[in-house]
Structure formats: structure tokens, C-alpha cells
Amino acid sequence: MKLSYRVCIYPNSMNDGFTAIVSDLPGCVTCGDTIQEVFEMAVDAASGWVLTELEDGNAPPRSSEIATIRPDEYPDGFTSMLILDMDAYAEKYGEKAVRKKLHDSRMALHTSGIIRHQFFTGAAGSTLAETAR
């Protein structure tokens, strides 16, 4: 699953680095010494934020329209996009049940001959049951 979010980047007045704020994800703020590093850190922070929501059984927040995100919290800011690859992030950092659920959900969309998919949640986590033709 790929997601995109707007990010506001500001020069950090305390040092030579940058600060990133992802306003669609409350509290998602990070920094980096260079532009490249702040984008890497912002992708990591936003991916971790969304993965936590998924692990808690919540849907990821919708991204705001680009016109509604303004870099006006601090001077000299600009707006850009973050692209999150949640499958890769969950594979690397997520709980096993969430990684399996994301993988199985994606596979269910691409598998032919499947009539119905149902998720069952039990004490051991989530599993995908398939009923084939």
C-alpha cells in the first residue's frame, strides 16, 4: 500500500538543519541536518505513525488537499510530498500479524479464482481465510 502526505519543511533557526511537519498526522515532527536527511526522517516518522494506526486496527488518515497545507508556522518554509511504502515499512518494522494482513490483503486483490475473503481476529492475531471456486 502506497500513501502520500504533504509535508512542510522549515530551516531550523537553532542550527543549520531542517524541520519537517506532517500536519495530517498529529504530532508527526522530525528534523535532519540536510534536506535529504529531513526527507528521509520525515518518511520514516510518517511511516511509523501510520503503521501504529494500522496495528491498532485503524485506517490511515486521508491526505489533505495540497492547497490547504501552507508552510506558515515558521519563516522560509515550503511544502512538498512524502510517498510512504507501507508494505515495505511493515515488513521491516511491523508486528508479524500486521505484515501478514497487509501482504494477504494485497495478494487477495491479485489472486484469481477467489470468491470471498474474510478476516478473522482471534487471540493469536489476524488471519485471512480464502474460499476458492
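Hydrogens, waters and symmetry mates play no part in the numbers below; they use all other heavy atoms, side chains included. The first residue in the sequence is number 1, and the count goes up from there. All of these numbers come straight from a predicted model, not from anything done at the bench.
Inter-residue side-chain proximity for Arg62 and Asp24 is flagged as unmet; no heavy-atom pair is nearer than 4.5 Å. Within the 4.5 Å cutoff, the side chain of Val50 has heavy atoms near those of the Leu25 side chain.
Side chains of Tyr74 and Asn12: a donor-acceptor N/O pair is absent below 3.5 angstrom, by distance only.
Atoms CG and CE, from Leu54 and Met1 in turn, are 5.0 Å apart once rounded to the nearest 0.5 Å. With rounding to the nearest 0.5 angstrom, the CG atom of Leu82 is 9.0 Å from the OG atom of Ser63. The distance from the CD1 atom of Ile9 to the CZ atom of Phe18 is 8.5 Å, given to the nearest 0.5 Å. In this structure, CE on Met81 lies 4.0 Å from CZ on Arg6, to the nearest 0.5 angstrom.
With Thr68 contributing its side chain and Ser64 its backbone, the two residues share no donor-acceptor pair below 3.5 Å. At least one donor-acceptor pair closer than 3.5 Å links the side chain of Asn15 to the backbone N or O of Gly17.
Annotation for Asp16: atom CG does not count as buried by contact number, only 12 or fewer foreign heavy atoms lying within 6.0 Å.
Between Lys2 and Ile83, the shortest heavy-atom distance links the atoms CD-CG2, 4.5 Å. Closest heavy-atom contact between Trp49 and Pro61: CZ3-CG, 3.4 Å.
Checking each of Ser80, Ser23, Cys8 against Pro71 for a side-chain contact (heavy atoms from CB on, under 4.5 Å) leaves exactly one that passes, namely Cys8.
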